[in-house]
Amino acid sequence: MVYLLLKYTSRYRGRRVGFVGMGVSNLPVVELFASAGAECIVRDKKDLSSAPFYNTLSEKGVRFICGERYLDDITEELLFLSPAVRPDIPGIASAAANGTLVTSEMEEFFRLCPCKTYAVTGSDGKTTTTTLISLLLRAAGKRVFLGGNIGTNLFAELDNISPNDCAVVELSSFQLMKLDKSPDVAVITNIAPNHLDWHRDMEEYVDSKKNIFRFQKPGGLLVLNGDDKYCRTFASESKCETRFVSGAGEADVYFDEKGIYRSGRLILPDSDIRIVGRHNRYNYCEAFAATEDTVSEEALCRVAGGFGGVEHRIEFVRELDGVKYYNSSIDSSPSRTRACLESFPGRNVIAISGGYDKHIPYEPLGELFTRKVKFAVLCGATAGKISAALDNAGFKDYTVADDFRTAVLSAREHAAPGDNVVLTPASASFDMFKNFAERGNVFKSIVNQL
């Protein structure tokens, strides 16, 4: 075993290493460098003195610089940025100009990782596709390390990874914007407006996604959704083999109502796929296109028959009084809500929507709700924008709730036997919850208490 991480962190013994933003990605990295004897400095705009890790890290010699001037006088040799920290804000840009090496735990992971890497990005379907890739590789007998936006901190796992293993990573646009390394196998599920409260514009958002393949080496693989207008243009910029998937016609891997095909041959009947939704057929196509050089068709069928989906993604909660309740809290954009609602036949959905405003357009929800939603309950910061979109489309079957619990109770009141109450926010969660998982768990708790 080559201890890559130990060797890397030991180089900074007695030297200054900084961390901007103290989230779940940076915490284990701070602990590693502190244990290696580095002089660690944590910088955060928020006051961290009451955080659960504050005393423990302080006892290890970690220094905290918090408040409005947290980016003043950066003299660290190495600076790790949390995913949500832009690399071009003035204090960080000045530090880089003065010789500080600005990086992230994900960038250093790709720089050091000894095994084959698979990575997935896109506006929708990242987590399910990433999970499916990991399950397919495990079904093929590989030892898999799953991380990025999901799973463990892969940088902290480097000393446990061997060359024969596989690393499967979900990457957001925040993480990709800081990368100058690309994985061996890259997958882009689709591109739709998202995170425009953080990115300067749609052009920057799209450009950040390209980093997943921009630095690939010859011999790599790029998997693209051939039905997505942005993805189709990426192929001309790739230096590697490109495989397309489609639900609208023939491609390297494609699907129709009968199932999933490879080279025109049915390899997975649709009836053998446990999870519902057209969008999940895209996910299966993308996952198999990324792994087919390693994974057999028999392994694909085994995974499809056993995989029940990822939590918070059209997750069945319970049935009460003939009404089924589904948690799709991950639906943080209109395109995710579209994929969710298209999974239900007919027009028997009571939708609970609304949340934090990411400054993305909500107009597409008007046509969608008119066609797929029986009644909607809106709440949160985007309730006004969504209601305006519904009004413009002539959809009047909705109400606005003052709080989340009231929204769930209102949805129950408007549901009849045979209906589906679906939490599909079309918005982020940060107006009322710390993340989409907390929102989904609160929803499930309320529903299970009904």
Side-chain angles (χ1 to χ4, degrees), residues 1 109-110 113-122 125-152 154 157-171 182-189 212-213 216-225 240-246 251-255 259-275 279-311 313:
M1 179 72 75
F109 168 76
F110 279 113
C113 183
C115 73
K116 187 171 183 177
T117 54
Y118 298 75
V120 180
T121 195
K126 292 190 296 295
T127 300
T128 299
T129 304
T130 305
T131 301
L132 283 171
I133 290 173
S134 71
L135 292 173
L136 290 172
L137 290 171
R138 284 174 179 144
K142 292 289 186 180
R143 190 167 78 131
V144 177
F145 288 81
L146 178 66
N149 272 357
I150 58 175
T152 58
L154 291 176
E157 289 288 328
L158 274 168
D159 283 347
N160 297 320
I161 300 174
S162 69
N164 293 326
D165 298 330
C166 295
V168 184
V169 189
E170 178 188 321
L171 294 173
S182 295
D184 298 306
V185 179
V187 179
I188 304 180
T189 61
I212 200 170
F213 69 85
Q216 279 186 306
K217 298 176 182 177
L221 172 65
L222 174 62
V223 176
L224 296 171
N225 181 343
C240 303
E241 177 189 355
T242 300
R243 292 175 188 165
F244 284 101
V245 307
S246 176
D252 295 284
V253 183
Y254 65 95
F255 70 93
I260 292 175
Y261 298 78
R262 177 67 175 103
S263 300
R265 185 170 54 84
L266 181 67
I267 60 173
L268 177 60
D270 194 78
S271 58
D272 290 348
I273 302 175
R274 186 176 170 189
I275 53 178
H279 61 294
N280 281 320
R281 274 56 185 166
Y282 279 104
N283 297 336
Y284 265 102
C285 288
E286 289 151 356
F288 188 65
T291 61
E292 64 173 309
D293 298 328
T294 302
V295 176
S296 68
E297 294 172 11
E298 187 272 334
L300 172 66
C301 293
R302 275 192 285 119
V303 169
F307 178 56
V310 180
E311 189 178 20
R313 291 150 179 85

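In what follows, every heavy atom counts, from backbone to side chain, and hydrogens, waters and symmetry copies are set aside.
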Within the structure provided, determine whether [X] and [Y] are in side-chain contact (heavy-atom separation under 4.5 Å).
{"X": "T128", "Y": "F307", "answer": "yes"}
{"X": "N280", "Y": "I273", "answer": "no"}
{"X": "I161", "Y": "F109", "answer": "yes"}
{"X": "S263", "Y": "R265", "answer": "no"}
{"X": "D270", "Y": "R281", "answer": "yes"}
{"X": "C285", "Y": "D252", "answer": "no"}
{"X": "V120", "Y": "Y118", "answer": "no"}
{"X": "I188", "Y": "L224", "answer": "yes"}

Could you pull out the closest heavy-atom pair between [X] and [Y], with the gap in Å?
{"X": "S162", "Y": "P114", "answer": "C-CG, 4.4 Å"}
{"X": "E311", "Y": "R313", "answer": "O-NH1, 2.6 Å"}
{"X": "L171", "Y": "K126", "answer": "O-CD, 3.5 Å"}
{"X": "G220", "Y": "C240", "answer": "O-CB, 3.2 Å"}
{"X": "I275", "Y": "G308", "answer": "CG2-C, 3.3 Å"}
{"X": "A289", "Y": "L221", "answer": "O-CD2, 3.8 Å"}

### Message
Assess the residue pair L268 and F288 against the criterion (side chain to side chain contact (heavy atoms under 4.5 Å, CB included)); give the C-alpha distance rounded to whole Å, side-chain angles, the decisive distance to 0.1 Å, and a yes or no.
### Response
CA-CA 11 Å; L268 177 60; F288 188 65; over 6 Å; no
### Task
Taking only Lys NZ, Arg NE, NH1 and NH2, and the carboxylate oxygens of Asp or Glu, determine whether E297 and R262 approach each other closer than 4.0 Å.
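Between R262 and E297 there is no salt bridge, as every charged N stays at least 4.0 Å from the carboxylate O atoms.
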### Query
Would you call K116 and D293 a salt bridge, taking side-chain N to carboxylate O under 4.0 Å as the test?
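Salt bridge between K116 and D293, a charged N being under 4.0 Å from a carboxylate O: no.
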### Task
Classify the ring geometry between Y261 and Y254 as parallel (under 30°), tilted (30 to 60°) or perpendicular (over 60°).
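Geometry flag for Y254 against Y261: parallel rings.
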#### Entry: Set of residues satisfying ring-ring contact (aromatic ring centres under 6.0 Å, His included) with respect to Y284, sequence neighbours excluded
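ring-ring contact (aromatic ring centres under 6.0 Å, His included) list for Y284, sorted by chain: empty.
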#### Entry: Set of residues satisfying side-chain hydrogen bond (donor to acceptor under 3.5 Å, both in side chains) with respect to D184, sequence neighbours excluded
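side-chain hydrogen bond (donor to acceptor under 3.5 Å, both in side chains) list for D184, sorted by chain: T117.
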Are the side chain of [X] and the backbone N or O of [Y] linked by a donor-acceptor pair below 3.5 Å?
{"X": "R138", "Y": "V144", "result": "yes"}
{"X": "T291", "Y": "T294", "result": "no"}
{"X": "E170", "Y": "T121", "result": "no"}

#### Entry: Single hit among L135, T130, I133, L154 for side-chain contact (heavy atoms from CB on, under 4.5 Å) with L146
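Option passing the side-chain contact (heavy atoms from CB on, under 4.5 Å) with L146: T130.
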### Message
Looking only at the side chains, is there a donor atom on one of T129 and N283 sitting less than 3.5 Å from an acceptor on the other?
### Response
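Note: T129 and N283 side chains meet the donor-acceptor criterion.
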### Message
Before you tell me yes or no, could you show the steps for T127 and N149 under side chain to side chain contact (heavy atoms under 4.5 Å, CB included), namely the whole-Å CA-CA distance, both residues' side-chain angles and the distance that decides it to 0.1 Å?
### Response
CA-CA 8 Å; T127 300; N149 272 357; 5.8 Å; no
### Message
The test is side chain to side chain contact (heavy atoms under 4.5 Å, CB included); show your working for R143 and N164 and say whether it passes.
### Response
CA-CA 8 Å; R143 190 167 78 131; N164 293 326; over 6 Å; no
